[in-house]
Amino acid sequence: MNVEPPAVPTRSDEPCSGPDPSGEALFGTAAGECARYRPGMPDAAVRLLDAALPGVPAPVLSDPGTGTGQVPLALLPAVPRLTHVDLVLDRAMNELEPLLKKCTVSAYAGEAHTFAPRKPERRPGLVTCCRAFHWMDRPGVLAMADRVTSPHAAVVITGDGSLWTRDAEWTIALRELIQTHLGPGRHAGTRGTYIEPDRTYEDDLTASAFSDVSKHRFPIAHAWTPDRVVGHLRNTSFALPHLFADRHKAFEAEARQLLDTYDRGGTLREEAVFTVLLARRPKAAS
C-alpha cells in the first residue's frame, strides 16, 4: 500500500479567501462522479509532459486541483519512473492505487496555494493544473510552485474548453436549451455567473517566476453518446442539477430528445483543441 495518510492543512478552519481549487464549493458533491464522463488527456500531451522531465531519474509530480486525478491517471502508466505524487484532496485515490507500483502518493486537504511537500526533500519536478486553473488563486498557486519545486521544475497548465464553448451543431443546440432554462448567462455553479478571466494564463505565467512559456496545441476529436453527455452535464458548473431546481428531470428529458436528433449511430462527434502551457524559470530553460 503506497498511499500515505492525508496531510492536515494549515488554517483549514478559516474560510477560503479565494477560489476553492478542489471544486467543492463550486460543484458541491458532483466532482465525485466526474471522471466517469469527462474525456481524459490526449496521448500527445502525455508524451510532452514526460519529455518535460529529461534527465530526472526519480521525478515527483504535484497536481493542484486534482479532482478526479486525470493527470496522474495518465502519467503513472506512461512515466513509470515517477516516485511520488502529491494530490490536493484524495478523490482520485481509489483509481490511482492499482497504478502506483513503487510510486507513493499523498493527499493534501487544504487550498492549493498553501500546499507544501510533507517531506521538504521531496520537491516536485512537475506541477500540473488540468482544467482547473481558472478556479484557483492563480498568482498564489504559481508562488507556491516557486517555493516548493526543484530548480529545474516545469509548471504545466492544460485545458480544452468545455461543451459550452464548442461549435458543433449539437453543442450549440444544447447550449441554447440550457439557456432556455437558466437564462442567457453561463452559470458558475454556486458562485453565480461565470466571469471571463481579466488576463490570460500566459500572462499569469509570464508575471510569475515561471516566465519562460511555450504553448502546444493538440487537435482532438471526442465521440460522445447521449447518455454520456447528460451525465457529464451534471458535473459541469453551468448545468448542475440544483440550478434547475424541480425542472432538472424535465431538462434532462429534453436534452436526451435533442441529442437523439443529432447522433449518428449513437455517436455525437465534436472537435476541440487541447492546449498545454509549459513554463519554466528562465535560468532553468536556458
Side-chain angles (χ1 to χ4, degrees), residues 1-35 38 59-73 75-76 82-97 100 103-150 153-159 188-191 197 201 204-205 207-210 235 237 279:
M1 192 73 164
N2 295 330
V3 179
E4 299 179 352
V8 178
T10 58
R11 307 190 334 191
S12 61
D13 57 335
E14 295 185 11
C16 296
S17 59
D20 174 4
S22 70
E24 188 80 52
L26 181 69
F27 299 102
T29 59
E33 64 175 17
C34 183
R38 174 169 281 191
V60 174
L61 167 68
S62 177
D63 189 35
T66 299
T68 56
Q70 292 180 6
V71 173
L73 283 171
L75 284 184
L76 280 167
L82 279 174
T83 59
H84 184 76
V85 177
D86 283 310
L87 310 177
V88 175
L89 295 185
D90 60 356
R91 288 194 179 104
M93 285 293 194
N94 290 338
E95 289 78 12
L96 290 176
E97 283 183 31
L100 290 176
C103 183
T104 57
V105 61
S106 59
Y108 178 76
E111 297 174 71
H113 66 275
T114 68
F115 168 76
R118 188 175 307 182
K119 297 180 179 180
E121 70 276 10
R122 199 160 61 193
R123 300 172 71 83
L126 184 65
V127 176
T128 57
C129 299
C130 183
R131 301 182 176 112
F133 196 53
H134 173 77
W135 309 111
M136 297 180 180
D137 173 354
R138 285 147 47 185
V141 167
L142 294 174
M144 173 277 293
D146 188 35
R147 289 194 304 271
V148 307
T149 56
S150 62
V155 171
V156 175
I157 300 170
T158 69
T190 59
R191 294 190 179 144
Y201 297 163
D204 290 327
L205 289 166
S208 76
F210 301 89
N235 302 289
S237 61

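Given the structure is predicted, the values throughout are model-derived calculations rather than measurements.
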Quick check: do Leu75 and Leu126 have side-chain heavy atoms less than 4.5 Å from each other? yes
Would you say that Pro72 contacts Leu87 through its side chain, given a criterion of any heavy-atom pair below 4.5 Å between the two side chains? yes
When you measure from the side chain of Thr83 to the backbone of Pro59, do you find a donor-acceptor pair of N or O atoms at a distance under 3.5 Å? yes
Provide the closest heavy-atom pair for Val105 versus Leu100 in the form atom of the first, atom of the second, distance. CG1-CD1, 3.6 Å
Going by heavy atoms in the side chains, are Val141 and Pro139 under 4.5 Å from each other? no
Taking side chain to side chain contact (heavy atoms under 4.5 Å, CB included) as the definition, give me every residue that meets it alongside Arg123, ordered by chain and number, with sequence neighbours left out. Ser150
Heavy atoms only: give me the nearest Ser106-Arg118 pair and the separation to one decimal. CB-NH2, 3.9 Å
Side chain of Ser208, backbone of Ala143: donor and acceptor closer than 3.5 Å? no
The criterion is side chain to side chain contact (heavy atoms under 4.5 Å, CB included); which residues satisfy it with Ala145, sequence neighbours excluded? Val127, Thr149, Val155, Phe210
Which residues satisfy the side chain to side chain contact (heavy atoms under 4.5 Å, CB included) test with Pro117, sequence neighbours excluded? Phe115, Pro124, Val148
Inter-residue atom distance His134.NE2 - Asp204.CG, 0.5 Å rounding: 11.0 Å
Indicate the atoms forming the closest heavy-atom contact of Met144 with His113, along with that distance. CB-O, 3.5 Å
Got a second to check how far Leu76's CG is from Glu97's CD, nearest 0.5 Å? 12.0 Å
Could you go through the side chain to side chain contact (heavy atoms under 4.5 Å, CB included) check for Thr158 and Thr128 one step at a time? CA-CA 8 Å; Thr158 69; Thr128 57; over 6 Å; no
Using modelled atom types and a 3.5 Å cut-off, is there a donor and acceptor pairing between side-chain atoms of Tyr201 and backbone atoms of Arg138? no
How many angstroms lie between CG in Asp86 and CG in Asp63, if you round to the nearest 0.5 Å? 9.5 Å
